[in-house]
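Heads up, the thing below is written out as C-alpha cells.
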Amino acid sequence: MKYWLVKTEPDECSIDDIAKAGDKGMVWDGVRNYQARNFLRDMNVGDHVFIYHSSCAKVGIVGLAEVTEEAFVDPLQFDPDSPYFDAKSNPDSPRWSAVRLRFKQKFQHLLALQQLKQMPALAANPLVQKGSRLSVVPFQVKEYQAVLQQLT
DNA sequence: GCCAACGTTGGC
DNA sequence: GCCAACGTTGGC
C-alpha cells in the first residue's frame, strides 16, 4: 500500500463534500500537471490519501480518503464546456487521468501547514518545500505515520 | 489582492 | 535546444 496527499480548494471540493459522496466516492479529476498526473497513475486501490485544503483561510490536512478506482481517462478533458477541457488531448491517447476516492475520515482538528512545516519527519516532503506547487504528493510510510501520530 | 515560484508555450 | 513571455498556483 502507498500513501498520498491531494490538494483541493474547499470552495470547489471540501472534505465534507467527499464525506457526502459516501461509499460511491467521487471522481478526482481536473489534475492538469504532468508530475501530479503521473502520481495519480501510480495510485492503487486501497492506497490512503490525505485530503489537504489549499487556497483558503485554514490551510492544512483535514482528513483521509482511500483509492477505490485506479487511473482512468479524465472525461473533463474532452468536455468543451468544462474549465478542464484540453483541446490538445488526443482521444486515441488521452493526456489526463482521474482516480476515484472514497471518504474515510475527517480529523477532529486541522493539521495546519504551519505545523506540517515544523515536523522533522516531513522536511523532505514536497508539500512543505518552498515554491512547490505539486497537487498530488507521495508520502513515505514514515511520513504518513508521523502525520497520524500528530493528530492523536 | 499581492507576488514569488513554478510549468508551459512557442519563436528562433 | 534555448529561453523569454506568459499563465497558474497557492501562501500570506
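Below, read A as the first sequence line, B as the second, and so on, with proteins coming before strands; counting in each chain starts at 1.
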List the steps and the verdict of side chain to side chain contact (heavy atoms under 4.5 Å, CB included) for A:V49 and A:E66.
CA-CA 6 Å; A:V49 183; A:E66 70 181 313; over 6 Å; no

Please figure out whether A:Q35 or A:K88 has its closest DNA chain B nucleotide nearer the 5' end.
A:Q35

Examine A:Y3 together with A:F50 and report whether their ring centres are nearer than 6.0 Å.
no

Would a line drawn from the ring center of A:Y34 to the ring center of A:W96 be shorter than 6.0 Å?
yes

Hey, is the side chain of [X] poking within less than 4.0 Å of OP1 or OP2 on [N], counting only N and O atoms?
X	N	result
A:Y52	C:dG11	yes
A:K7	C:dG10	yes
A:K130	C:dC12	no

What is the distance, to the nearest angstrom, from the CG atom on A:L113 to the C1' atom on C:dG10?
10 Å

Atom-pair distance (CD on A:E12; P on C:dT9), nearest Å
11 Å

Given C:dG10, B:dC6, B:dT9, identify the nucleotide with an atom nearest to the side chain of A:R133.
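Selected nucleotide (nearest to the side chain): B:dC6.
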
Counting any heavy atom closer than 4.0 Å, what does A:K117 reach on the DNA or RNA strands: base, sugar-phosphate only, or nothing?
sugar-phosphate

Which is true for A:S54 with a 4.0 Å heavy-atom rule: it touches a base, it touches only sugar-phosphate, or it touches nothing?
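Sugar-phosphate: the residue A:S54, judged by heavy atoms under 4.0 Å, touches backbone atoms but no base.
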
